[in-house]
2 protein chains.
Amino acid sequence: MPSSDVPDPAELLRQHGLQVTAQRIAVIRAVSAYPHGTVDDVAEAVHDDIGSISRQAVYDSVGMLAEKGLIRRIQPAGSPARYEDRVGDNHHHLICRTCDQMVDVDCAVGYTPCLTAADDFGYEIDEAEVIYWGRCPECMAADTQPVVQ
Amino acid sequence: MPSSDVPDPAELLRQHGLQVTAQRIAVIRAVSAYPHGTVDDVAEAVHDDIGSISRQAVYDSVGMLAEKGLIRRIQPAGSPARYEDRVGDNHHHLICRTCDQMVDVDCAVGYTPCLTAADDFGYEIDEAEVIYWGRCPECMAADTQPVVQ
DNA sequence: ACAAATATTGGAATAAGTCCAGAATTGATG
DNA sequence: CATCAATTCTGGACTTATTCCAATATTTGT
């Protein structure tokens, strides 16, 4: 992707009424570089990028960015919150139960909600979150290796 | 449901090779009485039932019961782990983003996985977890009340 | 340059879950 | 019924993830 296609983080922040700070720019870059990263992953990447950042600032930044729709917050069962910059296509995730590896899976519909509940109980449903669980090829291969007696 | 239809917790435990203890029986009863309860909810219910139980014993019990398929562990984004005794029908959940109220939604298929990923990446998929997010009727009504200036 | 508003810092605190040694209980066995 | 091994429970300590908070720093508009 040509660098001209990568939106300027500072511009993104301004467009959404957010103050531009070095920390926020670094957080955006970190989330882009490491999809599905945790706050710790992001903090580490930011540390490598601009030298240092408080955990509070990471929490504040990802929270604000997610609220504005600039990044997406996901949190599969048993996981801390994770962040990705692939937004707007309602893609799903496929996660290995053994090694926790996660891959993106396109949504057949492409927007929310992509499923209809059998009964909506009068709720105004805005999203059908889908997570596919299973085992990745590597863990399947490792699991079925013959046991040496 | 006639009480004869309610499986005896002790018998359930024995059938699954688990030792029968007062704590485990009380945990099973608590999860049945309070679907979608957290460990704290269960501990409180058990406390009312048999007087006392350690948090560790609650964690151990629900963990073991879930492993054996006697109860189900769910953990929507932003929530601690929750437990329910409605197992085997792959039902989904509908959660209010405002008040966190959760209701069960029947699965159109009734067994896992109930959806097919656009690309399975060679994974062996055993479940498509679906969570519907939105706002419940009460929160919708409260939100659209005219603002008195 | 200045000042208000916002953001960051660096801790303290809370919530959720795990680890652990010792005590208690369960259930098989004789 | 007594005994004992295995398992479970207890009551803390500990870890991870996230939030709270006062003081300080930075951004941005004037």
Side-chain angles (χ1 to χ4, degrees), chain A residues 8-31 36-47 49-68 70-71 73-83 100, chain B residues 8-31 36-47 49-68 70-71 73-83 100:
Chain A
D8 174 35
E11 200 43 47
L12 269 179
L13 289 164
R14 285 193 194 96
Q15 279 163 9
H16 287 80
L18 299 172
Q19 283 184 326
V20 179
T21 68
Q23 291 85 354
R24 286 177 173 173
I25 291 178
V27 164
I28 292 174
R29 286 206 288 255
V31 171
H36 310 136
T38 63
V39 158
D40 277 345
D41 296 332
V42 172
E44 199 175 316
V46 167
H47 184 273
D49 185 354
I50 61 169
S52 90
I53 186 170
S54 70
R55 283 170 66 81
Q56 187 56 59
V58 181
Y59 276 103
D60 285 342
S61 296
V62 293
M64 186 59 68
L65 293 167
E67 189 182 308
K68 300 293 189 183
L70 289 173
I71 65 174
R73 178 185 194 281
I74 61 175
Q75 189 179 16
S79 172
R82 294 177 180 279
Y83 301 89
D100 297 324
Chain B
D8 174 33
E11 199 44 44
L12 269 179
L13 289 163
R14 286 192 195 94
Q15 279 164 9
H16 288 79
L18 298 171
Q19 282 185 326
V20 178
T21 69
Q23 291 83 353
R24 286 177 173 173
I25 291 176
V27 163
I28 291 173
R29 286 206 288 255
V31 172
H36 311 134
T38 62
V39 158
D40 280 344
D41 296 332
V42 172
E44 199 175 316
V46 167
H47 184 273
D49 187 352
I50 62 170
S52 90
I53 186 170
S54 67
R55 280 171 61 80
Q56 187 56 57
V58 180
Y59 276 102
D60 285 342
S61 296
V62 293
M64 184 60 67
L65 293 167
E67 189 182 308
K68 299 292 186 182
L70 289 173
I71 66 176
R73 178 184 193 281
I74 62 176
Q75 188 178 17
S79 171
R82 294 178 179 280
Y83 301 88
D100 297 326

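Quick note on labels: first sequence line is chain A, next is B, and so on, each numbered from 1. Please read all numbers here as calculations on a predicted model, not as lab measurements.
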(message) B:Asp60: which residues meet the side chain to side chain contact (heavy atoms under 4.5 Å, CB included) condition with it, sequence neighbours left out?
(response) B:Gln56
(message) Please report the distance, rounded to the nearest Å, between CG in A:Leu65 and P in C:dA7.
(response) 11 Å
(message) Please determine whether the number of non-hydrogen atoms from other residues, nucleotides or ligands lying under 6.0 Å from atom CD of A:Gln75 exceeds 12.
(response) yes
(message) Taking the minimum atom-to-atom distance to the side chain of A:Val39, which one of C:dA16, D:dT18, D:dT28 wins?
(response) D:dT18
(request) Would you mind reading off the distance between A:Ile25 atom CD1 and C:dT8 atom P, rounded to a whole angstrom? (result) 11 Å
(request) Give the rounded distance in Å between these two atoms: CG of B:Asp41 and P of C:dG17. (result) 11 Å
(request) Report the distance from atom CD1 of A:Ile74 to atom P of D:dA17, rounded to the nearest whole Å. (result) 15 Å
(request) Rounded off to whole Å, could you give me the NE2-to-P distance for the A:His47 and C:dT8 pair? (result) 16 Å
(request) Respond yes when some side-chain nitrogen or oxygen of A:Tyr59 is under 4.0 Å from OP1 or OP2 of D:dT19, and no when none is. (result) no
(message) Once salt bridge (charged side-chain N to carboxylate O under 4.0 Å, His left out) is applied, do any residues pair with B:Arg73, and if so which ones, sequence neighbours excluded?
(response) none
(message) With side chain to side chain donor-acceptor pair (under 3.5 Å) as the rule and sequence neighbours excluded, what pairs involving residues 15-27 of chain B come up?
(response) none
(request) Name all residues meeting the salt bridge (charged side-chain N to carboxylate O under 4.0 Å, His left out) criterion together with B:Asp49; count only those two or more places apart in sequence or in a different chain, and write none if there are none. (result) B:Arg29
(request) With sequence neighbours excluded, tell me which residues meet salt bridge (charged side-chain N to carboxylate O under 4.0 Å, His left out) with B:Asp100. (result) none
(request) At under 4.0 Å between heavy atoms, which parts of nucleotides 6-16 of chain D does protein reach? Answer with one letter per nucleotide, 5' to 3': B base, S sugar-phosphate only, - none. (result) -SSSBB-----
